[in-house]
Amino acid sequence: MRFLDNASNVLLVGPPRVGKTMLAVALARSAVDAGHRVYFTTAAELAAKCHKAALEGRWSSIMRFFAGPRLLVIDELGYLPLPGDGASALFQVINQRYLKSSTILTTNVGIADWAGAFGDATVAAAMLDRLLHRAAVAASTDPPTACARTSPTPTTSAKE
């Protein structure tokens with residue numbers, strides 16, 4: 001898992017049902033099997049945890065928590081709107097992990113549309129700058145083929 005050794009990131013971009021989460025989980029499982037500490041969360045859950053920690057005066061501890069794992073998987077960015085401070089919290093998590101540990105991020109929002117999704121072009125640009133500096137980006141536009149999900153059609157013989 002060379003991307004972990006280099007503190008590189010992986011961005012999985014595409015519409016629903018193309019396997020982004022499944023691929024992220026498989027990479028995370030491989031990292032665990034290799035002995036690395038991994039944490040999996042959704043973008044909405046990360047934002048909610050950061051918001052709660054800020055209200056309770058535990059901002060530093062939640063930032064240390066998210067900085068800890070060798071691999072942080074953030075799933076479903078863009079599926080649900082982030083609260084007002086959610087984009088800022090996500091940026092701060094990404095910023096403190098920058099060049100130190102790896103992040104896998106799954107999103108249905110194309111990279112060119114992040115400014116609109118976050119409502120703040122500056123935060124989006126800064127986050128993308130840190131994520132893409134050392135990153136592999138996998139973008140998919142097509143869902144898996146129907147034949148991979150269907151069972152064979154039964155055959156019948158005609159007797160006359």
Side-chain angles (χ1 to χ4, degrees), residues 1-51 66-154:
M1 305 212 66
R2 195 176 328 155
F3 80 98
L4 292 175
D5 296 334
N6 299 333
S8 296
N9 304 307
V10 177
L11 275 69
L12 303 171
V13 183
R17 301 191 49 84
V18 295
K20 299 179 301 293
T21 299
M22 185 171 61
L23 182 55
V25 168
L27 289 169
R29 179 59 196 225
S30 292
V32 168
D33 290 345
H36 300 290
R37 211 166 110 217
V38 174
Y39 187 75
F40 183 97
T41 187
T42 64
E45 183 179 295
L46 183 146
K49 284 185 178 191
C50 288
H51 180 74
F66 284 119
R70 183 76 181 267
L71 175 60
L72 175 64
V73 179
I74 304 171
D75 194 30
E76 299 178 344
L77 179 66
Y79 284 86
L80 297 172
L82 293 175
D85 59 351
S88 176
L90 181 59
F91 167 74
Q92 290 184 50
V93 168
I94 298 297
N95 188 51
Q96 78 171 19
R97 295 179 59 78
Y98 179 55
L99 300 178
K100 298 175 195 156
S101 26
S102 299
T103 302
I104 295 176
L105 195 137
T106 71
T107 181
N108 64 335
V109 179
I111 291 171
D113 299 324
W114 276 33
F118 289 119
D120 186 332
T122 304
V123 169
M127 194 176 332
L128 282 168
D129 178 59
R130 283 147 183 84
L131 284 169
L132 296 174
H133 177 227
R134 287 189 197 160
V137 178
S140 179
T141 57
D142 297 323
T145 60
C147 64
R149 294 188 307 253
T150 60
S151 59
T153 306

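Keep in mind it's a predicted model, so treat the numbers as computed, not measured.
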N/O donor to acceptor pairs below 3.5 angstrom from side-chain atoms of residues 76-90, sequence neighbours left out:
| from | atom 1 | to | atom 2 | distance (Å) |
| --- | --- | --- | --- | --- |
| Tyr79 | OH | Lys20 | NZ | 2.9 |
| Asp85 | OD2 | His51 | ND1 | 2.9 |
| Ser88 | OG | Gln92 | NE2 | 3.3 |

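- Heavy atoms only, all atoms of each residue included: Pro15 and Val18 are closest at O-CG2, 3.3 Å.
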Table please: side-chain donor-acceptor pairs of residues 111-120 below 3.5 Å, with sequence neighbours left out.
| from | atom 1 | to | atom 2 | distance (Å) |
| --- | --- | --- | --- | --- |
| Trp114 | NE1 | Val109 | O | 3.2 |
| Asp120 | OD1 | Thr122 | N | 3.0 |
| Asp120 | OD1 | Val123 | N | 3.2 |

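- Under the ring pair (Phe, Tyr, Trp, His ring centres under 6.0 Å) criterion, Tyr98 pairs with His133, not counting sequence neighbours.
- Residues that satisfy the side chain to side chain contact (heavy atoms under 4.5 Å, CB included) test with Ala126, not counting sequence neighbours, are Phe91, Arg130.
- Between the CD1 atom in Ile104 and the CG atom in Leu12 there is a gap of 6.5 Å [rounded to 0.5 Å].
- The side-chain hydrogen bond (donor to acceptor under 3.5 Å, both in side chains) test applied to Thr103 returns Arg97, not counting sequence neighbours.
- Rounding to the nearest 0.5 Å gives a distance of 6.5 Å between OG of Ser102 and CG of Leu71.
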Distance-only check: which donor-acceptor pairs under 3.5 Å involve side-chain atoms of residues 21-36, not counting sequence neighbours?
| from | atom 1 | to | atom 2 | distance (Å) |
| --- | --- | --- | --- | --- |
| Thr21 | OG1 | Asp75 | OD1 | 2.7 |
| Thr21 | OG1 | Asp75 | OD2 | 3.1 |
| Arg29 | NE | Asp33 | OD1 | 3.1 |
| Ser30 | OG | Ala26 | O | 3.2 |
| His36 | ND1 | Arg70 | NH1 | 3.4 |

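- Legend: side chain to side chain donor-acceptor pair (under 3.5 Å) pairs involving residues 6-16, not counting sequence neighbours: none detected.
- Residues forming a side-chain hydrogen bond (donor to acceptor under 3.5 Å, both in side chains) with Ser101 (at least two apart in sequence, or on another chain): none.
- Taking the side chain to side chain contact (heavy atoms under 4.5 Å, CB included) definition, one finds that Gln96 meets it with Met63, Ala67, sequence neighbours left out.
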